[in-house]
**Student:** 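Please find one structure pasted underneath; my questions will follow.
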2 protein chains.
Amino acid sequence: MLVSYTEENYLKAIFALSRLYNDQEVSTNQISEHLKNKAASVTDMLKRLADKKLIDYKPYKGVKLTDKGKKTAVKVIRKHRLWEVFLVEKLNFKWDEVHDIAEQLEHIDSDKLIEKLDDFLGKPKADPHGDPIPDASGKFGVQKSVALSDASKRSALIVTGVSDHSTEFLQFLSNSGISLGNQLKIEEYNDYDRSITVKINNKRSLFLSHKAASNILVEIK
Amino acid sequence: MLVSYTEENYLKAIFALSRLYNDQEVSTNQISEHLKNKAASVTDMLKRLADKKLIDYKPYKGVKLTDKGKKTAVKVIRKHRLWEVFLVEKLNFKWDEVHDIAEQLEHIDSDKLIEKLDDFLGKPKADPHGDPIPDASGKFGVQKSVALSDASKRSALIVTGVSDHSTEFLQFLSNSGISLGNQLKIEEYNDYDRSITVKINNKRSLFLSHKAASNILVEIK
DNA sequence: GCCCTATTTTAGTCTAACCTAAAAATTTGT
DNA sequence: ACAAATTTTTAGGTTAGACTAAAATAGGGC
Ligand SMILES: [Mn+2]
Ligand SMILES: [Mn+2]
Ligand SMILES: [Mn+2]
Ligand SMILES: [Mn+2]
């Protein structure tokens, strides 16, 4: 039984939303907003996905992915992130340019291709935005990173990812000279607006708003 | 104006067929057989392609690609062949495994991606089957190869391509120890069934039927 | 318990891309 | 030249996936 391009996008959306809301049922409206489709169209699709046993759907009660649906969604995410690594590492794209292309590439259907691509890239554990890449069996490595805005002062931090994937934010980081792997130290914490000052790689100092800091993920070194 | 996945496949088919029949108008039935769609469906699509100015269509008289249609078709072919090179050269696929995956990859829409892929692969001039790769402006290099069955005896020949792209034929060649770049010499020519015997790289001798020899393309060294 | 509002589903349309069956146009054979 | 065979188009349907408008349901406040 084959899953269409469109169905894959719905499964991915449901997976992301159920993560976001700690594995609760996902509502029609949440999916509708996420995919920018009308709620009536979503209901339509939910019926089709339920027929295919990819989701559990109780009218008015929201949906949950079945194991089969989860497996499909995770595979699409795996493909998306592997292709992003390829685009950045091999083709020299910038990290803010790859998402839209990966949105297309993630639907290419060939198990052999995924595994050969994974080998070619050296079985990467994370994509260019620090998001973990599930392995062939669908398991994600554990991510123990926290938002920079929640990190403690003075300890050495490593930038491991971002939680805002927009071109604007990624370009802002690049322009500010922050990239994955950089070492950060929080130098000042302003109670008034929760803005901070950080030192990058023990060199330059940089001022960051709370909004920016909340979207940078770090691990304690 | 965007060209759909399906429309791209029609343009590619029309391009291939008009090559095959020396730039004559392509008929509805030819397209129908090539794409394994019914003739009525083809007529439907021809109207849509004509509306988009991608083909010139006169009912009952066959179709020709416009410049715009030709440009689109050639770009799809360029992408198909570049991806095939990627799959064989970088991911170690065999030459008989790549066509179906390239059929999907050829529809990925990003000019920047094509050009970066082309650079990454070293701007290859031919795909793994010896088919020429048009450059970014759409120009094909000239192919001066002939069928092995038409080549003259005793001269040193180089295998440059195949004209049958089926898995069966490609695997037959691999099993026989013939690949692109090999040197061949015709040792014997049997008038009875037009079969030949060739020497590969001045070492092994191999018997080939006329059918096989007619699908191997060679250049005189 | 009932009303109000927000959410969700149903009903009815639309388009792209396919199909079958029938009609029309073209080509072929004599 | 004209009938027969072939090719192509038209007419009418289907399905996936979108939409709008209207109806149904659920949940919160009193
Ligand atoms: Mn992405
Ligand atoms: Mn990413
Ligand atoms: Mn191919
Ligand atoms: Mn090829």
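To find a chain, count down the sequence lines: A is the first, B the second, and so on, and within it residues start at 1.
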**Student:** Starting at CG of B:L35 and ending at P of C:dC18, how long is that distance when rounded to a whole Å?
**Tutor:**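 Going from B:L35 (CG) to C:dC18 (P), I get 8 Å.
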**Student:** Rounded to whole angstrom units, what separation is found between the CG atom of B:L49 and the P atom of C:dA17?
**Tutor:**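 Interatomic distance, CG of B:L49 to P of C:dA17: 9 Å.
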**Student:** Side chain of B:T28 only, heavy atoms from C-beta on: which candidate in C:dC18, D:dT7, D:dT9 is closest?
**Tutor:**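 Nearest to the side chain of B:T28 among the choices is D:dT9.
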**Student:** Evaluate the side-chain proximity of B:W83 to B:L117: yes if any heavy-atom separation is below 4.5 Å, no if none is.
**Tutor:**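 B:L117 reaches B:W83 side chain to side chain.
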**Student:** Rounded off to whole Å, could you give me the CE-to-C1' distance for the A:M45 and D:dG17 pair?
**Tutor:**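 Going from CE in A:M45 over to C1' in D:dG17 covers 6 Å.
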**Student:** State which of D:dT9, D:dG17, C:dA17 makes the closest approach to the side chain of B:E7.
**Tutor:**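 Of the options given, the side chain of B:E7 lies nearest C:dA17.
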**Student:** Test the B:R78-B:F15 pair against the cation-pi criterion, namely NZ or CZ under 6.0 angstrom from the six-membered ring centroid and within 45° of the ring axis.
**Tutor:**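 No - B:R78 does not lie over the ring of B:F15 by the 6.0 Å and 45° rule.
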**Student:** Expressed in angstrom and rounded to an integer, what is the separation of A:E25 atom CD from D:dG27 atom P?
**Tutor:**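 Atom CD in A:E25 sits about 12 Å away from atom P in D:dG27.
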**Student:** Between B:K47 and A:N37, which residue's closest nucleotide on DNA chain D lies nearer the 5′ terminus?
**Tutor:**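 Here B:K47 is the residue nearer the 5' end.
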**Student:** With a 4.0 Å cut-off on heavy atoms, is A:Y5 in touch with a base, just the backbone sugar-phosphate, or nothing at all?
**Tutor:**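 Answer is nothing: A:Y5 stays at 4.0 Å or more from every strand.
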**Student:** Specify the separation, in whole Å, of atom NZ of A:K58 and atom C1' of C:dT9.
**Tutor:**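 Value for this atom pair: 17 Å.
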**Student:** Do the side-chain N or O atoms of A:Y57 get closer than 4.0 angstrom to the phosphate oxygens (OP1, OP2) of C:dT8?
**Tutor:**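 Answer is no, no contact under 4.0 Å.
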**Student:** Given the ring of A:F140, does A:R19 sit roughly above its face, with NZ or CZ under 6.0 Å from the centre of the six-membered ring and within 45° of the axis?
**Tutor:**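 That pair qualifies as a cation-pi contact.
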**Student:** Report yes if the side chains of A:V76 and A:L11 come closer than 4.5 Å at any heavy-atom pair, otherwise no.
**Tutor:**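 Counting from C-beta outward, A:V76 and A:L11 never come under 4.5 Å.
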**Student:** Have a look at B:S41 and say if it touches a base, only the backbone sugar-phosphate, or nothing, with a 4.0 Å heavy-atom cut-off.
**Tutor:**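 Contact class for B:S41: base.
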**Student:** Taking it one step at a time, do B:H80 and B:H99 satisfy ring pair (Phe, Tyr, Trp, His ring centres under 6.0 Å)?
**Tutor:** CA-CA 8 Å; B:H80 183 104; B:H99 182 77; 4.7 Å; yes
**Student:** Quick one: B:L46 CG to C:dA17 P, roughly how many Å, whole number?
**Tutor:**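 Answer to the nearest Å: 12 Å.
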**Student:** To the nearest Å, how far apart are B:I31 CD1 and D:dT7 P?
**Tutor:**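 Between P of D:dT7 and CD1 of B:I31: 14 Å.
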**Student:** Taking only side-chain nitrogens and oxygens of A:N29, does any of them come within less than 4.0 Å of OP1 or OP2 of C:dT8?
**Tutor:**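 A:N29 to C:dT8 OP1/OP2: side-chain N or O found under 4.0 Å.
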**Student:** Just checking B:T43: base, sugar-phosphate only, or nothing, at a heavy-atom cut-off of under 4.0 Å?
**Tutor:**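 Touches a base.
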**Student:** Please compare A:A39 and A:K61 by the position of their nearest nucleotide in DNA chain D and report the one closer to 5'.
**Tutor:**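 First, find each residue's nearest nucleotide; the 5'-ward one identifies A:A39.
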**Student:** Between D:dT7 and B:S27, is there an OP1 or OP2 to side-chain N/O distance shorter than 4.0 Å?
**Tutor:**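 Answer is no, no contact under 4.0 Å.
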**Student:** Output yes when at least one side-chain N/O atom of A:R48 is less than 4.0 Å from OP1 or OP2 of D:dG17, else no.
**Tutor:**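 Yes.
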**Student:** Mind checking whether A:F120 and A:F86 have parallel, tilted or perpendicular rings, split at 30° and 60°?
**Tutor:**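 Aromatic pair A:F120/A:F86 classed tilted.
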**Student:** Could you check which of C:dA16, D:dA18, D:dT9 has an atom nearest any side-chain atom of B:Y60?
**Tutor:**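 Minimum distance to the B:Y60 side chain belongs to D:dT9.
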**Student:** So, does B:Y10 get its side chain near the phosphate of C:dA16, meaning an N or O under 4.0 Å from OP1 or OP2?
**Tutor:**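 For C:dA16, OP1/OP2 do not have a side-chain N/O of B:Y10 under 4.0 Å.
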**Student:** When only distance counts, do a donor and an acceptor, one from the side chain of B:D44 and one from the base of C:dC18, lie under 3.5 Å apart?
**Tutor:**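 By the distance-only test, yes, there is a pair.
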**Student:** Can you tell me how far C1' of C:dT15 sits from NZ of B:K52, to the nearest Å?
**Tutor:**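 Nearest whole value for this atom pair: 12 Å.
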